[in-house]
Undergrad: 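One structure, as C-alpha cells, below. Some questions next.
Because the structure is predicted, anything quoted here is derived from the model rather than measured. Throughout, protein chains are lettered first and strands after them, A, B, ... in sequence-line order, and every chain is numbered starting at 1.
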Amino acid sequence: MDLATIIGLFLAVSLVGYAMLSGGGGNAFIDTQSVLIVIGGGVASAMVSVSLTNFKRIGKVFSKALFHKEQSAQKLIQDLVGYAEIARRDGILSLENATKDADDPFIIKGIQMAVDGTDPELIEQIMNNELEAITERHDNGKAIFDALGRYAPAYGMIGTLVGLILMLRSMDDPASLGPNMAVALITTLYGALLANMFALPIADKLAARNNEELLMKTIIIKGVMSIQSGDNPRIVEQKLKTFLPPSLRGAEQEEER
Amino acid sequence: MDLATIIGLFLAVSLVGYAMLSGGGGNAFIDTQSVLIVIGGGVASAMVSVSLTNFKRIGKVFSKALFHKEQSAQKLIQDLVGYAEIARRDGILSLENATKDADDPFIIKGIQMAVDGTDPELIEQIMNNELEAITERHDNGKAIFDALGRYAPAYGMIGTLVGLILMLRSMDDPASLGPNMAVALITTLYGALLANMFALPIADKLAARNNEELLMKTIIIKGVMSIQSGDNPRIVEQKLKTFLPPSLRGAEQEEER
Amino acid sequence: MDLATIIGLFLAVSLVGYAMLSGGGGNAFIDTQSVLIVIGGGVASAMVSVSLTNFKRIGKVFSKALFHKEQSAQKLIQDLVGYAEIARRDGILSLENATKDADDPFIIKGIQMAVDGTDPELIEQIMNNELEAITERHDNGKAIFDALGRYAPAYGMIGTLVGLILMLRSMDDPASLGPNMAVALITTLYGALLANMFALPIADKLAARNNEELLMKTIIIKGVMSIQSGDNPRIVEQKLKTFLPPSLRGAEQEEER
Amino acid sequence: MDLATIIGLFLAVSLVGYAMLSGGGGNAFIDTQSVLIVIGGGVASAMVSVSLTNFKRIGKVFSKALFHKEQSAQKLIQDLVGYAEIARRDGILSLENATKDADDPFIIKGIQMAVDGTDPELIEQIMNNELEAITERHDNGKAIFDALGRYAPAYGMIGTLVGLILMLRSMDDPASLGPNMAVALITTLYGALLANMFALPIADKLAARNNEELLMKTIIIKGVMSIQSGDNPRIVEQKLKTFLPPSLRGAEQEEER
Amino acid sequence: MDLATIIGLFLAVSLVGYAMLSGGGGNAFIDTQSVLIVIGGGVASAMVSVSLTNFKRIGKVFSKALFHKEQSAQKLIQDLVGYAEIARRDGILSLENATKDADDPFIIKGIQMAVDGTDPELIEQIMNNELEAITERHDNGKAIFDALGRYAPAYGMIGTLVGLILMLRSMDDPASLGPNMAVALITTLYGALLANMFALPIADKLAARNNEELLMKTIIIKGVMSIQSGDNPRIVEQKLKTFLPPSLRGAEQEEER
C-alpha cells in the first residue's frame with residue numbers, strides 16, 4: 001500500500017472539491033459532454049499513442065502505483081550478507097535451500113544459476129538483460145500516463161474552443177454569455193485536473209518506483225556476483241552498503257567494532 | 001491491423017464531432033480558408049522540415065501506424081529455440097532449409113550468414129548496422145508527424161491572429177464582432193485537433209512500434225549469435241526469455257521441471 | 001536544388017498571403033515599425049547568441065538548405081564496390097587514378113591515404129575527426145536559425161506589449177481601440193510567421209541534411225576501411241548495403257543469385 | 001549557512017511584498033481558500049509524485065539548501081597533498097592517525113581502505129558506488145522541489161478556473177465582477193510565487209550543491225587513488241589542481257619555483 | 001572585443017527604444033516599482049539558484065561575453081606544426097624556449113610536461129581533466145544567465161498579476177482602468193526584455209564561446225600528444241587540419257604539392 005499516493009490523491013481531490021462546493025454548489029462543475037470530450041478524448045489519443053497490449057495494462061500499472069509496498073534495501077542487504085555467510089560456511093551448493101523462501105524471485109534465479117555453476121559472465125549478462133527488460137516494461141507503463149497527461153489538457157482546450165465558437169456565433173442574448181462561457185471553461189478545468197491531479201503525478205511515481213526497483217535489482221546482482229566469486233561476507237557487506245544513505249549504515253559500524 | 005490506433009482515432013473523432021454537432025449544427029465549424037491555412041501551412045512547413053524523399057513516405061509511414069500487426073516475442077523465441085535444437089541435432093547447415101519460411105527476413109539473413117561460416121563478429125556487426133539503419137528510417141518517418149504536430153498549432157495561431165487583426169480594424173458593427181471572432185478561433189481549433197488528435201499520437205505510436213521492432217530484432221541477433229556459437233538450446237531459451245515479462249515465461253518453468 | 005524546401009516555403013507564403021488578401025486588402029498587415037522590431041530584434045539577439053564568424057555564414061547556410069542536392073546512397077555504394085573490385089583486380093595503388101573524379105573529395109582523401117599506406121587506425125581517426133568537425137560546423141549553422149526561431153516570437157510579444165501599453169494609456173477614443181489593438185497584434189503575427197514559416201523549418205531541414213551527410217560519410221569511411229583491409233567486393237557490398245532500406249537493395253539479391 | 005539562498009529569498013519576498021503593500025493594503029492578497037488549493041494541492045501532487053520516504057525528507061533537504069557551508073576545494077587539495085607527503089615520508093600506515101580528524105568521512109573511509117591494503121580497484125569501485133548513491137539521493141531530494149515547482153502553478157490555474165466558472169455563472173451584479181475576478185486571480189499569483197520564488201530556485205540550488213559535492217568527492221577519490229599508488233606529492237598536487245580555476249592555483253606556481 | 005555581442009545588444013536596445021519613443025514619449029515605459037520587482041526579483045531568484053561564489057562571478061562572466069576575442073584555429077595549428085618542426089629538428093627539449101611566448105598558457109603547460117618527460121598517458125589525463133574543469137566553470141557562468149532568463153519573465157508575470165488584482169478590486173472609476181492595466185503590463189514587458197534581449201542571448205553566446213574554447217584546447221591536446229610521440233610535422237598538420245572547415249585548409253593543399 002503506497003500511502004503517499006493514496007493520501008496525496010485524497011488530499012488533492014478534497015481540497016479542489018471543497019473549493020468547488022464552498023463556491024456555491026458543485027453542480028456548476030458537472031457537465032457530461034465535457035467529461036466525454038476530455039476523458040474520452042484523452043484516453044482515445046493515449047490509446048493511439050501506445051500499443052494495444054500496453055494500453056490494456058493501464059489498470060495493472062495504476063494499481064502498482066497505488067498498492068506497491070516500498071521494499072527495504074537494508075533488509076535486502078542483510079539477507080544477501082546472510083547468504084554470503086552460508087556460502088562461506090557450508091559451500092555455495094547449500095544456498096539452494098537457503099534462498100528457497102527469498103522475497104524476490106530475482107534472488108532465487110541468480111543464486112540458482114550460481115549454484116548450477118553457470119559461467120559468471122553469463123549470470124551477469126542474463127541478470128542485466130532482465131534489468132533492462134524490467135525498465136523497458138516500466139517505461140511502457142509510464143508512457144500511458146504520460147500520454148494522458150499530455151492529451152487531457154489538449155482536449156480541455158479543444159472543448160473550450162468548441163464552446164467559445166458556438167457561443168460567439170449567437171451572442172443575441174448577453175445574459176447567456178456568462179453561463180455559456182462558464183460551460184466552455186469546464187473542459188479546460190477537467191483537462192487540468194486530469195493531468196495535474198492524476199496522470200502526471202502517477203507517471204512521476206511510476207518513475208520513482210522504477211528507480212527504487214532498479215536499485216534493489218542492482219544490489220541483488222552485485223550481491224550474487226560477489227557471493228559467486230567467493231567474497232568474504234564483510235567485503236560483500238561493504239560493497240552493498242555503499243548503496244545505502246550513511247544514516248542507515250549504523251549496523252555496519254557496530255559490527256565492525 | 002493496429003486496433004488501438006483505429007479505435008482511438010475513431011473514438012476521438014466521434015467525441016469531438018458529437019460535441020460540435022450537439023452544440024448546434026456542425027457547419028459552424030467548417031471554413032475552407034481555415035482548412036487551407038492550417039492543414040496547408042502545417043504540411044508546407046513539415047515539407048520544409050524534412051527531405052523530399054522522406055516526405056514522400058508519409059503515406060507509407062501512416063499506414064504502418066494503422067495496419068502494422070503486433071508480433072509475438074514468445075512465438076519468435078520459440079522459433080529460435082527450435083532452430084537451436086535443429087542445429088544441435090542435425091548440424092548448423094541443416095538450418096538453411098529450416099529457416100526458409102521464417103516470418104522475418106532478418107532471421108533468414110542472419111542464419112544464412114551463420115550457415116555460410118561468416119565470421120561471428122562480422123555477422124554481429126552487419127546485423128547491428130541493420131538495426132541502426134532501421135532506427136534511422138523509423139526516426140525519419142516519425143519526424144514528419146512530429147513536424148506536423150509542431151507546425152499545425154502554429155498555423156492555427158497565425159490564422160487566428162490574421163482573423164483578429166482583420167476584425168479589429170473594422171469594428172463598426174458590434175453585432176458582427178462575435179461571429180467574426182468565432183471564425184478567427186476556428187483555425188486555432190483546427191491546429192489543436194490536427195496536432196493532438198492525429199499527428200502527435202501517431203508519432204508516439206511510431207516510436208512505440210520502433211521500440212517493439214528493435215526488441216524483436218535484438219532477440220533475433222542474440223538468438224542467431226547464440227545458435228552460431230553452438231549454445232545448448234536450454235541456454236538459448238534462458239538468454240532470450242529474459243526479454244519477456246515474467247508472466248509470459250510460463251512455458252519455461254514447465255519445461256524445466 | 002532542394003525542391004521540398006522551395007515548394008514548402010512557396011506554399012506556406014501563398015496560403016497565408018491569400019488569407020490576408022482575401023480578408024480585405026493586405027496593407028492591413030504591413031507596418032514598418034513592426035518589421036523593424038521583430039526582424040531587427042530577432043536578428044540582433046541571434047547575433048548576440050552566436051559568434052560573429054558564425055553569424056556571417058547565415059547566407060551560405062540558408063542557400064545550403066535551399067539548393068543542396070540529395071545524394072544517392074545507392075550510387076555511392078555502387079562506386080565504392082567498384083573501387084573495391086579495382087583494388088582486388090589491379091592492386092590498391094591503381095585506385096589513385098580510379099578515384100580522381102569521385103563525386104566527394106572525402107572519398108579521394110580516404111583512398112589517397114589508403115594508397116599512401118597510411119596506418120589504418122590513423123586513416124579511421126582522421127576521417128572520424130573530419131566527421132565530427134562537419135557535425136560541429138552544421139550545428140553552428142543550425143544554431144543561427146534556432147536562435148531566430150526562439151527570439152522572433154519573443155520580439156513579437158515585446159512589440160505587442162509596447163503597443164498595448166501605449167494604447168491603454170490613452171483610451172479616450174473608444175473608436176481607435178480596435179485599430180490600435182490590430183496594430184499591436186501585428187508584431188505577434190510577424191514573430192509567429194518568421195519562426196514557424198521560416199526559421200524553425202529551415203533549422204529542421206539543416207538537421208536532416210546533416211544526418212544524410214553523416215550517413216554518406218559513414219558509408220565512405222566503412223567502405224574505405226573495408227577496401228583498405230582487402231575485403232572481398234561482395235563483403236564490402238554486404239556491409240554497406242545494410243545502410244540502405246530493404247526496398248533499395250534489389251540489385252544485391254539479383255547479383256547474389 | 002548559504003548566504004546566497006537566504007539573501008535571495010529575503011530579497012524576493014521583500015520586493016514582492018512591498019509591491020503588494022504599496023499598492024493599497026496587503027489583505028487584498030490574502031485568501032485562505034486560495035492558500036489551501038495552491039499550497040495544499042501542490043504539496044498533495046508532489047506527495048503522489050515521489051515515494052513517502054523521500055517526501056518525509058523535504059525538511060532536511062530544504063535545510064541543506066539553506067544552511068550548507070560551501071567547502072573549499074583548495075583546502076581539500078592542500079589536505080590531500082599533506083597526506084601524500086606523510087605517506088611518502090612515514091609510510092602509508094601512518095595515515096590512519098593523520099586522517100583521524102579529516103573534515104569529510106569520505107576521506108577517512110578511503111584512506112582506511114588504502115591502509116588496510118584493500119585492492120585499489122575495489123577501493124575505486126566502492127568509492128564510485130558511493131558517489132553514485134550520493135547523486136541518487138540528491139536527485140531524489142531535488143525531485144520534491146521540482147514537483148512542487150510544476151504542480152503549484154497548475155493548481156494556481158485550477159483555482160482560477162474554478163473561480164472564473166463560479167463568477168461567470170452569476171453575473172447579475174456587474175459591480176462584483178471585478179473583485180470576484182481579483183479573487184480568482186489570486187491562486188494564479190500564489191502558484192507563480194510558490195514555484196518561482198521558492199521551489200524552482202531551491203531545486204536549482206540543490207543541483208548546484210550536488211555538482212559541488214561531486215567535485216569534492218571526485219577530488220578525494222583521485223587523491224586517495226594517487227596516494228595509494230605511491231605517487232610523488234608533486235604529481236598528486238598537479239593532478240588535483242586541474243580541478244581548480246587557474247586563478248586559485250597560485251600556491252602551486254610558487255611551490256614549483 | 002566581441003563585435004557580434006555589442007552590435008547585437010545595441011541594435012536590439014535601439015529598435016525597441018525607438019518603438020517606445022515614437023509611440024508617444026518613453027516615460028510611459030518607466031516605472032520604478034516594476035524595475036524593482038522584475039530585475040530585483042529575477043536577480044534574487046538567480047542568486048538562490050546558484051552558489052554565492054558563482055553568483056559573484058556574474059560581472060566577470062558578462063565581460064567575457066562582451067570582450068572575448070575570437071581566436072584563430074588556423075594560427076594555432078600553424079604554431080603547433082611549427083613546434084613539431086622544431087622538435088623534429090632540434091629535439092623536444094628545445095621546445096621549452098620556443099613555446100615561452102605561446103599565446104595560450106595551456107600550450108606552455110602541455111609542452112612543459114612533454115619536455116619534462118612526463119608519461120604521455122599522464123599528460124593526456126591532466127590536460128583532459130583541465131578541459132573538463134574549464135567546461136564545468138563555463139557551465140556555472142552560463143547558469144546565472146540561464147536563471148535570469150527563466151526567472152525574469154516569471155517575475156514579470158507576478159508583477160502583472162499583482163497589478164491586475166489591485167486594479168480589479170476597485171473598478172469604480174472606469175477611466176482609470178486603461179492606465180492601470182498599462183502599468184500592470186509593464187512588468188511583463190520588462191521581464192520579456194530582460195530575458196530575450198539580454199540574459200538568454202548572453203547565455204547562448206557563453207555556450208558558443210565554450211565550444212570554441214574546447215575546440216582550441218582539443219587541438220592543443222592532440223597537437224601536444226602528436227608532438228610528444230615524435231610524429232612527422234606533416235602528419236601533425238594533417239591530423240589537426242581536420243578540425244578546420246575545408247575552405248580554410250588551402251595552405252595544406254599548396255604545401256602538399
Side-chain angles (χ1 to χ4, degrees), chain A residues 2-16 18-20 22-25 28-29 65 70 153 174-175 177-186 188-189 192-193 195-198 200-205 207-209 211-212 215 222 235 238-246, chain D residues 33-34 36-57 105-106 109 113 118 122 125-134 136-137 139-140 143 146-147 150-151 153-155 157-172 177 187:
Chain A
D2 182 58
L3 273 179
T5 304
I6 290 169
I7 297 177
L9 282 178
F10 177 78
L11 201 65
V13 170
S14 312
L15 287 167
V16 174
Y18 174 68
M20 287 175 175
S22 74
F29 295 97
E70 258 180 271
L177 208 72
N180 280 344
M181 184 92 174
V183 172
L185 280 179
I186 285 179
T188 296
L189 177 62
L193 287 174
N196 294 294
M197 196 184 271
F198 178 72
L200 296 176
I202 294 290
D204 289 348
K205 169 70 51 100
R209 277 269 163 282
N211 282 342
E212 268 169 38
L215 181 68
K222 300 248 167 171
I235 296 284
Q238 203 175 10
K239 275 190 188 174
L240 299 185
K241 287 238 164 144
T242 53
F243 290 105
L244 293 180
Chain D
Q33 180 105 57
S34 303
L36 277 176
I37 207 168
V38 175
I39 302 192
V43 169
S45 283
M47 202 192 270
V48 177
S49 288
V50 301
S51 68
L52 192 58
T53 323
N54 196 3
F55 184 76
K56 285 185 195 147
R57 289 172 54 219
F106 199 61
K109 185 168 190 181
M113 287 192 291
T118 313
L122 184 57
Q125 196 190 326
I126 287 180
M127 294 185 93
N128 278 328
N129 266 6
E130 185 119 16
L131 208 71
E132 280 173 41
I134 289 172
E136 177 82 19
R137 274 199 302 283
D139 284 353
N140 279 341
D146 280 331
R150 258 178 303 135
Y151 294 119
Y155 279 94
M157 195 185 91
I158 286 169
T160 297
L161 283 168
V162 168
L164 278 180
I165 290 170
L166 288 171
M167 180 190 90
L168 289 165
R169 274 183 82 226
S170 53
M171 299 208 314
D172 312 327
L177 208 74
T187 55

Undergrad: So which of Ile235(A), Asn211(A), Leu200(A), Ile202(A) has the biggest tally of heavy-atom pairs under 4.5 Å with chain D?
TA: Leu200(A)
Undergrad: Measure the spacing between CG of Leu189(A) and CD1 of Ile165(D) and express it to the nearest 0.5 Å.
TA: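 These two atoms lie 4.5 Å from each other.
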Undergrad: If you look at every heavy atom in Ala12(A) and Ala44(D), which pair is closest and at what distance?
TA: N-CB, 3.8 Å
Undergrad: Within the structure provided, determine whether Phe198(A) and Val48(D) are in side-chain contact (heavy-atom separation under 4.5 Å).
TA: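 No - every pair of side-chain heavy atoms lies 4.5 Å or more apart.
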Undergrad: Kindly write out the residues that satisfy side chain to side chain contact (heavy atoms under 4.5 Å, CB included) with Thr118(D), not counting sequence neighbours, or none if the list is empty.
TA: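 So Thr118(D) forms a side chain to side chain contact (heavy atoms under 4.5 Å, CB included) with Met113(D), Asp116(D), Leu122(D), Ile123(D).
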Undergrad: Nearest 0.5 Å, what's the CD-CZ distance between Glu136(D) and Phe243(A)?
TA: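 Atom-to-atom, Glu136(D):CD and Phe243(A):CZ are 10.0 Å apart.
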Undergrad: Hey, what do you get for OG1 (Thr242(A)) to CG (Asn129(D)), rounding to the nearest 0.5 Å?
TA: 4.0 Å
Undergrad: Without placing hydrogens or testing angles, list every side-chain donor-acceptor pair under 3.5 Å for residues 179-186 of chain A, not counting sequence neighbours.
TA:
unit_1	atom_1	unit_2	atom_2	d
Asn180(A)	ND2	Ser176(A)	O	3.3

Undergrad: Start with the C-alpha gap between Tyr155(D) and Leu15(A), add the side-chain angles, then the distance that decides, and say whether side-chain contact (heavy atoms from CB on, under 4.5 Å) holds.
TA: CA-CA 10 Å; Tyr155(D) 279 94; Leu15(A) 287 167; over 6 Å; no
Undergrad: Below 4.5 Å from any heavy atom of chain A, which atoms of Ser34(D) appear? Answer side chain, backbone, both or neither.
TA: neither
Undergrad: Let me know if Tyr18(A) has heavy atoms under 4.5 Å from chain D in its side chain, its backbone, both or neither.
TA: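 Contact with chain D: backbone and side chain both.
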Undergrad: Once you round to the nearest 0.5 Å, how far does CE of Met47(D) lie from CG of Asp204(A)?
TA: 14.5 Å
Undergrad: Drop me the distance from Ser51(D)'s OG to Glu212(A)'s CD, to the nearest 0.5 angstrom.
TA: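 If I round to the nearest 0.5 Å, the distance is 5.0 Å.
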Undergrad: Indicate yes or no: at least one non-hydrogen side-chain atom of Lys205(A) is less than 4.5 angstrom from one of Val50(D).
TA: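 Counting from C-beta outward, Lys205(A) and Val50(D) never come under 4.5 Å.
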Undergrad: To the nearest 0.5 Å, what is the distance between OG1 (Thr53(D)) and CG (Leu3(A))?
TA: 10.5 Å
Undergrad: Examine whether an atom of Phe55(D) lies under 4.5 Å from a heavy atom of chain A, and if so say whether it belongs to the side chain, the backbone or both; otherwise answer neither.
TA: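 For Phe55(D), there is no contact with chain A at all, as no heavy atom is under 4.5 Å.
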Undergrad: Between Ala143(D), Ala154(D), Ala147(D), Ser45(D), which has the largest tally of heavy atom pairs under 4.5 Å with chain A?
TA: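 Greatest number of close heavy-atom pairs with chain A: Ser45(D).
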Undergrad: Among Pro105(D), Ala133(D), Ser49(D), which residue forms the greatest number of heavy-atom pairs with chain A at distances under 4.5 Å?
TA: Ser49(D)
Undergrad: Checking Glu130(D) against chain A: side chain, backbone, both or neither under 4.5 Å from a heavy atom?
TA: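 For Glu130(D), heavy atoms of backbone and side chain both lie under 4.5 Å from chain A.
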Undergrad: Heavy-atom pairs under 4.5 Å with chain D: which of Ala208(A), Ala19(A), Pro153(A) has the most?
TA: Ala19(A)
